[in-house]
Chemist: 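Just dropping this structure here.
Below, read A as the first sequence line, B as the second, and so on, with proteins coming before strands; counting in each chain starts at 1. Because only heavy atoms are used, hydrogens play no part in the values below, and waters and symmetry mates are left out as well, while side chains stay in.
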There are 2 protein chains.
Amino acid sequence: MIRRKRSVTIKHVAADAGVSFQTVSRVINNESGVRPEMKQRVQASIDKLGYVPSIAAQRMGGSRSYLIIALNDRERTIADWRARQGADWVDQMLLGGMLKCHEYGYRMIIELVDTHSDHIERELAAAIASLQPDGVILTPPHSSNPLITGLLAEHHISFARIGSLDPGPGFALTMDDERAARLATDHLVELGHRRIGFIAGPEEYELSMWRVDGWKAAMARAGLAIDGLLGGGDFSLASGAVAATALLSGTDPVTAIIASNDQMALGTLEAARALGIAIPHDLSLISFDDTPIVRVTHPPLAAIVQPIAEVAARSVELIIAERAGKAAPGEPIVVPASLVLRNSTAPAPARD
Amino acid sequence: MIRRKRSVTIKHVAADAGVSFQTVSRVINNESGVRPEMKQRVQASIDKLGYVPSIAAQRMGGSRSYLIIALNDRERTIADWRARQGADWVDQMLLGGMLKCHEYGYRMIIELVDTHSDHIERELAAAIASLQPDGVILTPPHSSNPLITGLLAEHHISFARIGSLDPGPGFALTMDDERAARLATDHLVELGHRRIGFIAGPEEYELSMWRVDGWKAAMARAGLAIDGLLGGGDFSLASGAVAATALLSGTDPVTAIIASNDQMALGTLEAARALGIAIPHDLSLISFDDTPIVRVTHPPLAAIVQPIAEVAARSVELIIAERAGKAAPGEPIVVPASLVLRNSTAPAPARD
DNA sequence: ATGAAAGCGCTAACAA
DNA sequence: TTGTTAGCGCTTTCAT
């Protein structure tokens, strides 16, 4: 059997500093009502003994748990990890969210729950009961699930909805997918393209629609028709290839394609290669997400960059601020995506 | 101020089932000495109320914390996340480790600590005091850091050392880098290559040496000289390009290169392209790690696949088993890497 | 400004 | 086999 070395507790510090352990608690939590000299003495003991409060005990005492859950879709996340296709959504969440958590003494715990499960509430309720997090960060497609947001609201747990524009409880954060799609479309319009195809993502994700809307809006503003220019896929490479082939095969093929994610852009790349269509000479291509793979393809792809790390960091800040009474949910917070150009776009080929 | 909805506790279950809360505790922990009918009654109440124990309270009660820390190098991990070059080490750790944790009701928390920091012990001690984890998974270059392993041993915390062959406390797990390098070298030898270059990684990582050793061993066994065939880099693309250029530029250039990681392999790819050397026709290339990017390069690269997910899963199993008295550290556990072939290797070009 | 007492939800050692 | 008691380390009242 394993017995752990007894670690330094608040009592050790109190004894060392010659004060009651209440005072130590006050110092830890930076509460007012402690004489500076007292505070200094206590802090000296804390440093000397290397004391760090146990978050389990802090939670038990009725305070915060210093835990924030990042809730992701199980099926999709695991599939991405297994496929090893370069999706780094989780990594970017950690980069932004975890590091921000540590600034405030919090930890981030990743939880996976099934979107399609009928016991989604049970799963989430279990995670809440088990960890008693101070906050939850919701990612698509959970962000707009009323079962989830309702449960969190009921439990009075702060939460952020990444990629959701719905009104309702929790902080809404968006990377403005509509604007991002317009950005991409505008760039192609400026290059002289008139037949700009768009490969949409699955409807399950609200952002799929927003992206389509942005493309439509930009096309309309440029006075361009969109008949027959909208394809659709399920975010997989194969589906992108199918959609791209259709867009490239008609009597009046597109000269540019915007794909709703990188995998479908890779599919487009393959389809073009199979058809003997050169990128960017014959076809301009812009992708969504800017995951690592699009930098090493031939050519490297222009892409919409999603500021996932920043959104995650903001989410953490908002959650912590709300618990401190320094913030409250309101209008959606926009952290705009940007367009990075690489060698996959060029002026539209001359018409025959 | 936020007040959380009072959740279901062990007492509610006890009241509902009409037993003492001890009995409930016994059922939760699957202890012996509870009549089946009693157990069933309690379980029914648990299910009915949707009770899930609080891990904070469980920890406070003197039991496990159900937390396992995955300790990674801060500098390198953050750099990888920022660079977005496709390194998916953390993802694979989560895939293997986190999912295995959940099978046992544990959670995995990622912690980053600085290797080069002089207060590495303080950082780790703080994490331990704060979270009181039941186990820690060490990754290179922490795995062999005596400051870390010593501290963990002192605290009697179970831990796994991934990529370490040292004797000493904790479970040692290895992907047998030496054998992996031999595997790659043997494949090239079989293809008729005689001048097989090797680009080593930085010495800070023990595995760098092991890989070199494997290459040397395989070369020796094939009766091949290695003079001038060993290059070195720092795992960056640029360093790989420099090393590859050197190996490819002499009077007697190599016909095959093994790079100690994917980025250096990409560098080799660039160097070869710059020199007008075709892969695999003029040069065969094998990489280490098999991160996502090597599937979309031209050509896709043959690579040594590191079973990181599996090693992480085994680590979790061992840690949990040790706490249950069902396992104890012993000889290093080998989870062998494998070689996946793609279109980057070919028979050695005919000699002039 | 500081200290004392009670309790958070659970497990462990003991008693019945 | 079950229930009782005493903590775990901390934060909250409430006194002083």
Side-chain angles (χ1 to χ4, degrees), chain A residues 1-42 45-46 49 51-67 105 128-132 134 323, chain B residues 1-42 46 49 51-67 105 128-132 134 323-324:
Chain A
M1 208 44 214
I2 292 174
R3 197 184 321 280
R4 30 171 50 95
K5 184 186 176 187
R6 283 232 343 113
S7 45
V8 180
T9 74
I10 199 170
K11 288 186 183 167
H12 298 120
V13 177
D16 185 81
V19 297
S20 77
F21 65 92
Q22 255 27 269
T23 306
V24 179
S25 173
R26 292 189 177 103
V27 171
I28 293 166
N29 296 294
N30 212 5
E31 283 173 26
S32 57
V34 184
R35 264 182 307 161
E37 81 179 58
M38 190 90 276
K39 184 169 178 173
Q40 205 161 20
R41 183 143 59 99
V42 171
S45 292
I46 289 176
L49 301 177
Y51 167 71
V52 177
S54 151
I55 67 169
Q58 288 186 125
R59 171 65 204 117
M60 288 306 293
S63 172
R64 287 153 292 188
S65 66
Y66 292 100
L67 258 27
I128 291 173
S130 178
L131 294 166
Q132 292 163 276
D134 290 337
R323 302 205 95 256
Chain B
M1 209 43 214
I2 294 174
R3 197 184 322 281
R4 35 169 47 96
K5 184 185 177 187
R6 283 235 341 117
S7 44
V8 180
T9 75
I10 198 170
K11 288 186 182 167
H12 298 121
V13 176
D16 185 82
V19 298
S20 78
F21 65 91
Q22 242 28 260
T23 306
V24 179
S25 173
R26 291 188 177 104
V27 171
I28 294 166
N29 295 293
N30 212 5
E31 282 173 27
S32 56
V34 184
R35 263 184 307 161
E37 83 181 54
M38 190 91 276
K39 185 168 176 174
Q40 206 161 18
R41 182 142 62 98
V42 171
I46 289 176
L49 300 176
Y51 168 71
V52 177
S54 149
I55 68 169
Q58 289 185 124
R59 170 64 204 117
M60 287 306 294
S63 170
R64 288 152 292 186
S65 67
Y66 292 99
L67 258 27
I128 291 173
S130 179
L131 295 167
Q132 292 163 278
D134 290 338
R323 302 206 95 255

Chemist: Would one find a side-chain N or O of A/Arg35 under 4.0 angstrom from OP1 or OP2 of C/dT2?
Modeler: yes
Chemist: Assign each of B/Gly61 and B/Val34 to its nearest nucleotide of DNA chain D by heavy atoms, then name whichever residue's nucleotide is nearer the 5' end.
Modeler: B/Val34
Chemist: Report the distance from atom CG of B/Leu67 to atom C1' of C/dC10, rounded to the nearest whole Å.
Modeler: 16 Å
Chemist: Ignoring hydrogens, what is the shortest heavy-atom contact between A/Ala14 and A/Ser20? Give both atom names and the distance.
Modeler: CB-C, 3.8 Å
Chemist: Above 12 or not: heavy atoms from other molecules or residues under 6.0 Å from CD of A/Glu31?
Modeler: yes
Chemist: So which heavy atom on A/Val13 is nearest to which on A/Val42, and how close?
Modeler: CG1-O, 4.2 Å
Chemist: In this structure, how many angstroms lie between the P atom of D/dT1 and the CZ atom of B/Phe21, rounded?
Modeler: 21 Å
Chemist: I want to check something: taking the side chain as every heavy atom from C-beta on, are A/Arg59 and B/Ile55 in contact at a cut-off of under 4.5 Å?
Modeler: no
Chemist: Given axes from five pairs at either end, by how many degrees does the helix from C/dA1-D/dT16 to C/dA16-D/dT1 bend, rounded to 10°?
Modeler: 40°
Chemist: Minimum heavy-atom separation for A/Ile10 and A/Tyr51, please, with both atom names.
Modeler: N-CE1, 3.5 Å
Chemist: Expressed in angstrom and rounded to an integer, what is the separation of B/Glu31 atom CD from C/dA13 atom C1'?
Modeler: 12 Å
Chemist: Can a donor-acceptor pair be found, under 3.5 Å and without considering hydrogens, that links the side chain of A/Arg35 to the backbone of A/Lys39?
Modeler: no
Chemist: Report yes if a side-chain nitrogen or oxygen of A/Gln58 is closer than 4.0 Å to either non-bridging phosphate oxygen (OP1 or OP2) of D/dT11; otherwise report no.
Modeler: yes
Chemist: Please give, in whole Å, the distance from D/dG7 C1' to A/Lys11 NZ?
Modeler: 9 Å
Chemist: For A/Ile28 and C/dT2, give me the distance from atom CD1 to atom C1', rounded to whole Å.
Modeler: 15 Å
Chemist: Can you see if the side chain of B/Thr9 gets near the phosphate of C/dG9 - specifically, an N or O under 4.0 Å from OP1 or OP2?
Modeler: no
Chemist: What's the CD1-P distance between A/Ile55 and C/dC10, to the nearest Å?
Modeler: 17 Å
Chemist: Answer yes or no: does a side-chain N or O of B/Ser63 lie under 4.0 Å from OP1 or OP2 of C/dT11?
Modeler: no
Chemist: Given the structure, check if the side chain of B/Arg59 and the base of D/dG9 hold any donor-acceptor pair shorter than 3.5 Å.
Modeler: no
Chemist: Nearest-Å distance, CG (A/Asn30) to P (C/dA1)?
Modeler: 14 Å
Chemist: May I ask you to evaluate whether A/Tyr51 reaches the phosphate of D/dC10, defined as a side-chain N or O under 4.0 Å from OP1 or OP2?
Modeler: yes
Chemist: For a quick test of reading the model: is some side-chain N or O of B/Thr23 closer than 4.0 Å to OP1 or OP2 of D/dG3?
Modeler: yes
Chemist: Of all the heavy-atom pairs spanning A/Gln132 and B/Ser54, show the shortest one and how long it is.
Modeler: OE1-OG, 2.8 Å
Chemist: Which heavy atom of A/Ser130 sits nearest a heavy atom of B/Val52, and at what distance?
Modeler: CB-CG1, 3.9 Å
Chemist: Pick the nucleotide of DNA chain C nearest each of A/Gln22 and B/Val52; which residue has the one closer to the 5' end?
Modeler: A/Gln22
Chemist: How many Å lie between CD1 on A/Ile10 and C1' on D/dT12, as a whole number?
Modeler: 12 Å
Chemist: Looking at the side chain of A/Met60, which of C/dT2, D/dG3, D/dG9 is the nearest nucleotide?
Modeler: D/dG9
Chemist: Side-chain N or O of A/Ser25 less than 4.0 angstrom from OP1 or OP2 on D/dT11?
Modeler: yes
